[in-house]
Amino acid sequence: MEQRVLWLSTASIHHANHVRPNPLGLKVGGHQASCASMTTIMTQLWFEQLRSGDRVSVKPHASPVLHAINALLGELDPAALAGLREFGGLQSYPSRTKDPDPVDYSTGSVGLGATAPLWGAIARRYVENHGGRAGTGRQYALIGDAELDEGAIWEAMGDPAVEHLGELVWVVDFNRQSLDRVVPAVSVTKLSAMFEAAGWQVLVAKYGRLLEGLFARPGGERLRARIDTMTNPEYQRLLRSSDEQLLDRLCGERWPELRQLLADVGPAALRAAVGNLGGHDHDTLRQSFAAIDDTRPTVVFAYTVKGRNLPMEGHPQNHSAQLTPAQFEQYAASVGRDPADPFQVFEPGSAEGALCAERAALLRRDPVPAAGAFRPPTDLGWVPRGTSTTQAALGRTLLDLTRRAPAIAERVVTVSPDVSSSTNLGGWVNKAKVWSAAPSRDWFDDDPETILHWEESAEGRHIELGIAETNLVGLLGELGATWSRWGFPLIPIGVVYDPFIARALEPWTFGMYAGGQSILVGTPSGVTLAAEGGAHQSLLTPAIGLQQPGLLSYEPAFALEVEWMLLECIRRIGIPGGSSSYLRLSTRPVQQDLAGVPALPEARELRRRQVLAGGYLLRSPQAGGAPHATIAAMGALVPEAIAARDTLAEAGVHVDVVCVTNAGLLFDALQARTGQANGEAGSADAGEWILRDILPAHRAAPLVTVLDGHPHTLSFLAGVNGVQAAHLGVSQLGQSGDLESVYRSHGIDAASIVRAVLRGIAQG
C-alpha cells in the first residue's frame, strides 16, 4: 500500500513536469522528496489509525500524497492525478475550497497549516458546547521539521488555551533537511524540552525494527551510540555511500568493534537497516500512536529521510529535485508499474483493494447539513446622542443585539488577544462570559472594585488568547469555518489593535482562502491615537481593507454607522459565497449630531443603504447649486472635513462633504462602470448607483480626499469624474503628541484641508 502511494504521488509530479504539454517551458514544480519522507506516516494514518471524526492538516509539499491516498480510497478520480498544478486541477498545496477531493485543512503558508488543527480543536469544542453537533476525534497536523523555525508555531503551541486540548496531535516529519542543506544543529532533545515545558506529551519515533534488531545484539549499544552522536550531515552522507563506503564510514578507525558486530550483515541488509528510521517503520509508528495521552496535546517526532526510496534519497539539495525521465523509467521498473499508464489503483478483488474499500467506508463522513443565512435586523433603531466613539459603539451594538435579536446574538463569539477591556468589550464579556475548555473560579467576583468579571465556563461566548495576533486570526478562521465543517455557523468577531493587523495579515488572508468567514475589528486606529506614538499608529490598514480579496472593509465616522455595518457583516457570514469583514474603528470622541441622521424613516433607510454601499453626501451648500469643490473624508477625520467646509462657507466657497465608509466598494463601483468589475466581495451590491449618489457628474468639482491613513487609499476617486484632485493622509511615521499637533504635522487638520481646497479651485 505504501509503495503504491509513493508511486502515485511521484508519478503525478512527474506527469506535471515531463509529460503534460508545457509550451512556455515554465517550471511546474512539485516536491517528490518531501512526499517520500511522509509516505509511511500518511499510509499508516489513513490505512490504520484514522477514524471518521479525525481531521488532518497535511504538510503543504506532501499534497500529492494526500491526493494519491484519496484516489485509492475512491474519493478522487485517479485520472485527476494527471492535473496536479494544472488550472482547475489539483492545487499546489491542499485546499479545502479549490481541490476536488476531501481536504480537512488548507495548508501552504509555512507554519499556518500546522497550527490550524489547534484552532480547529477549539472551534469543534465550542460548537459542541453551544448546541452544535461536531462530534469527537483527534486533530492531526503533519509538519515539516523546518516549519518549526516559524514563530507562529511557538506562539500557538504555548498559548494558555491549548494545554487542555488532548485531541491535538502534531507529527513532525523530522528529516533534518531544509530547502538548501542538511540542517546541522536541529535537535529533538532541545525541541522536546520546549514542548514539555508547555505541557505537551512528547513521543519520539527514532529507529525502526531493523535498526533496533541490530541494537539488540551483544554490543549493539555501541552502534546506537555511534548513530545517536553523529551530526545530521554525517548521517545523511551514509545514505549516499557505496556499500564499501557505508561500512567504512560507519565504523572508521575509532569503532573497530562495530565491524565485528556487523560482520554477518550483508551490504543490502546494512543499507536497509541504516535507513530504517522510525518514521519509515510501521511498527514504530503504531507504538507511538498507541502511546498518545488524550488528556493533553501530543507531539510525535518521527525521524525520516527526505526522498526515501527514490534516487535522490538523502541528497542535501533534493528539496525541489525531480526524477529525470530515465530515473522515472528505472523507478517504474523497480516497483512493477507501467510509466505509460501510471495512475492505476488496486483491483477491487485484491487484498489491497478490499482494504481500501474497508477504510473508505470507515472514514466516510455524513454530508454537512446546509446552514441558513443569518437574517439580523437591518436597523436596531438607535439614535446616538452627545459624544461617543466608534470603538465604544461596537460593545453597545453587541449588547443591543442580545436584546433585539437574541437568537443571532447566541451565535456571536468574540475573540481577543488580551485587549478586551481596552477595546471596549468589557460590557459584552460581562454579559456573554468567557469560554474555557476547563472551567475555573473567578476569585475576584466579590471584589467591588472589579469591573470586568472573568467568569470562565464551557458556556461562555468570549475567547481570550495571549498577546499574539497570529493566534487571534488563526482562531477566527476556524471559528468562521464551522458552517462548512459541521453546518453550525458562528459569528466570530475578533478585536485587535489596528496597527497590528499588518502583523496578522498573512494568517488572516490564509483563513479567508480556506473558507473562514469572520469579522475583524481594528481599534484604535491611525495617528488619531496620538498619545501612543508612532509605534501604535496605523498607516497601511485602510489600503489593506481596500485591496484584500474576499473582504468587506468599513471605516465608520459615527456610532450609528457601526451598528449598520456590523449587522451587514453578520448577514454575509456562514454561507456559500459569503465574505469576511474588517471594521476600522477609532477612540476619538465625536459629536454624534454632526452625522445629521435623517428623522424621516425613508430617508434614514436611504442613509443606511448608502453607508453600506460605500459613502453618502454628508454636507452640501445651503444655497443649493453646484459646489466649488468636494471634500471626501473617511472615519475619524470627518469632523475636520466639516470644520474645513464651515470655514470655507464663511468665505463664500461652497463645498460638498462626502463621508466615505467603504473605499473598496466605491472602487468596485468604478471598475464596474468601466467594465472591469473584479468580482470581489460586495462589488455586485454597490454598483454604479452609489457613485451617482455621492459624486454625480453634474456636481463634479475639484476634489480633496482626506483620511487617517495612507493618502493613496482614496486617490482613485478623482477618476470618477476626471477632476483635479489633492489627496491628504498619513505617509510618514508618527510621533506622540496632542491630536491637534499631530494632525497639523501630517497635513490632515482642518486648515490643511482648506488650503488644499483653495489650491484645487485655483488650479482647476
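All values below were derived from every heavy atom in this structure, side-chain atoms included, with hydrogens, water molecules and symmetry-related copies excluded.
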Colleague: Around atom CD of Q591, are there more than 12 heavy atoms from other residues, nucleotides or ligands closer than 6.0 Å?
Modeller: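 Counting other residues, nucleotides and ligands, CD of Q591 exceeds 12 neighbours.
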Colleague: Take T523 and D498 through the side chain to side chain donor-acceptor pair (under 3.5 Å) test and state the conclusion after the steps.
Modeller: CA-CA 5 Å; T523 180; D498 195 67; over 6 Å; no
Colleague: Kindly give the heavy-atom pair with the smallest separation between W428 and L399, and that separation in Å.
Modeller: CA-CD2, 4.0 Å
Colleague: Is L606 atom CG crowded by more than 12 heavy atoms from other residues, nucleotides or ligands, each under 6.0 Å away?
Modeller: yes
Colleague: Checking N721 side chain against L695 main chain: does a donor-acceptor pair fall under 3.5 Å?
Modeller: yes
Colleague: For T390 and R584, which I'm curious about, is there any donor-acceptor pair between the side chains at under 3.5 Å?
Modeller: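 R584 and T390 do not have a side-chain donor-acceptor pair below 3.5 Å.
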Colleague: Give, for atom CG of L551 and atom OG of S580, the distance between the pair rounded to the nearest 0.5 Å.
Modeller: 6.5 Å
Colleague: Tell me the closest heavy-atom pair linking S586 and A636, and the distance in Å.
Modeller: OG-CB, 3.8 Å
Colleague: Would you say P542 and E555 make side-chain contact, with heavy atoms under 4.5 Å?
Modeller: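 Yes; the side chains approach each other to less than 4.5 Å.
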Colleague: Looking at Y93, does the NZ or CZ of R85 lie under 6.0 angstrom from its six-membered ring centre and within 45 degrees of the ring axis?
Modeller: yes
Colleague: Looking at D656, I753, V653, V657, which one forms a side chain to side chain contact (heavy atoms under 4.5 Å, CB included) with R645?
Modeller: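 Only one option passes, and that is V657.
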Colleague: Compare all side-chain heavy atoms of V527 with those of Y743 and state whether any distance is below 4.5 angstrom.
Modeller: yes
Colleague: Measuring only between side-chain heavy atoms, which start at C-beta, is R699 closer than 4.5 Å to T630?
Modeller: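 Counting from C-beta outward, R699 and T630 never come under 4.5 Å.
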Colleague: Under 3.5 Å, is there a donor-acceptor pair between the D400 and T397 side chains?
Modeller: no
Colleague: Between CE of M512 and CG of L476, what distance do you get to the nearest 0.5 Å?
Modeller: 10.0 Å
Colleague: Does NZ or CZ of R609 come closer than 6.0 Å to the centre of the six-membered ring of W689, within 45° of the ring's axis?
Modeller: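 Because its charged atom sits under 6.0 Å from the ring centre and within 45° of the axis, R609 does stack over W689.
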Colleague: Could you tell me whether the side chain of V412 reaches within less than 4.5 Å of the side chain of L401, counting heavy atoms only?
Modeller: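 A side-chain contact under 4.5 Å exists here.
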Colleague: Is it true that the NZ or CZ of R607 lies under 6.0 Å from the centre of F558's six-membered ring and within 45 degrees of the ring axis?
Modeller: no
Colleague: List the atom of R673, the atom of V720, and the distance in Å for their closest heavy-atom pair.
Modeller: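 Scanning both residues completely, I find the closest heavy atoms to be NH1-O, 2.9 Å.
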Colleague: Check this for me: E86, atom CD, are more than 12 non-hydrogen atoms of other residues, nucleotides or ligands nearer than 6.0 Å?
Modeller: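 Counting neighbours around CD of E86, more than 12 heavy atoms of other residues, nucleotides or ligands fall under 6.0 Å, so yes.
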Colleague: Salt bridge check, E568 against R608: does any charged N sit closer than 4.0 Å to a carboxylate O?
Modeller: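 The answer is no: the pair does not qualify as a salt bridge.
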Colleague: Roughly how far, to the nearest 0.5 Å, is CD1 of I493 from CG of L394?
Modeller: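 Going from the CG atom of L394 to the CD1 atom of I493 covers 6.5 Å.
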Colleague: For G614 versus L665, what's the shortest heavy-atom pair and its separation?
Modeller: N-CD1, 4.3 Å
Colleague: Hey, does the side chain of Q592 reach the backbone of A559 with a donor-acceptor pair shorter than 3.5 angstrom?
Modeller: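 Checked: pair present.
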Colleague: Would one find more than 12 heavy atoms of other residues, nucleotides or ligands at under 6.0 Å from atom CD of E605?
Modeller: yes
Colleague: Working to the nearest 0.5 Å, report the span between CZ of R404 and CG of L380.
Modeller: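 Atom-to-atom, R404:CZ and L380:CG are 5.5 Å apart.
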Colleague: Taking the inter-plane angle between the rings of Y582 and W508 on a 0 to 90° scale, is it parallel (under 30°), tilted (30 to 60°) or perpendicular (over 60°)?
Modeller: perpendicular
Colleague: Measuring from R403:CZ to L398:CG, what's the distance to the nearest 0.5 Å?
Modeller: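 Rounded to the nearest 0.5 Å, the CZ-CG separation comes to 11.0 Å.
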Colleague: Does a donor on one side chain and an acceptor on the other come within less than 3.5 Å for Q548 and T509?
Modeller: yes
Colleague: With a 4.5 Å limit on heavy-atom distance, are the side chains of D418 and L465 in contact?
Modeller: no
Colleague: Going by the side chain to side chain contact (heavy atoms under 4.5 Å, CB included) test, name the single residue among L540, L539, L707 that passes it with T713.
Modeller: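 Testing T713 for a side chain to side chain contact (heavy atoms under 4.5 Å, CB included) against L540, L539, L707 leaves exactly one candidate, L707.
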Colleague: Check whether the side chains of H462 and S420 place a donor and an acceptor atom closer than 3.5 Å, and report yes or no.
Modeller: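 On atom types as modelled, these side chains qualify, holding a pair under 3.5 Å.
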Colleague: Heavy atoms, side chains only, cut-off 4.5 Å: are Y497 and T423 in contact?
Modeller: yes
Colleague: Can you find a side-chain donor-acceptor pair between S752 and R755 that sits under 3.5 Å?
Modeller: yes
Colleague: Check whether any side-chain heavy atom of L728 lies under 4.5 Å from a side-chain heavy atom of P711, and answer yes or no.
Modeller: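 In short, these two side chains do not touch, never coming nearer than 4.5 Å.
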Colleague: Of all heavy-atom pairs between A632 and L703, which one has the smallest distance, and what is that distance?
Modeller: CB-CD1, 4.1 Å
Colleague: Do you know which two heavy atoms are closest between A557 and V638, and how far apart they sit?
Modeller: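 Shortest heavy-atom separation between A557 and V638 comes out as CB-CG2, 3.6 Å.
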Colleague: Could you tell me whether the side chain of P639 reaches within less than 4.5 Å of the side chain of R588, counting heavy atoms only?
Modeller: yes
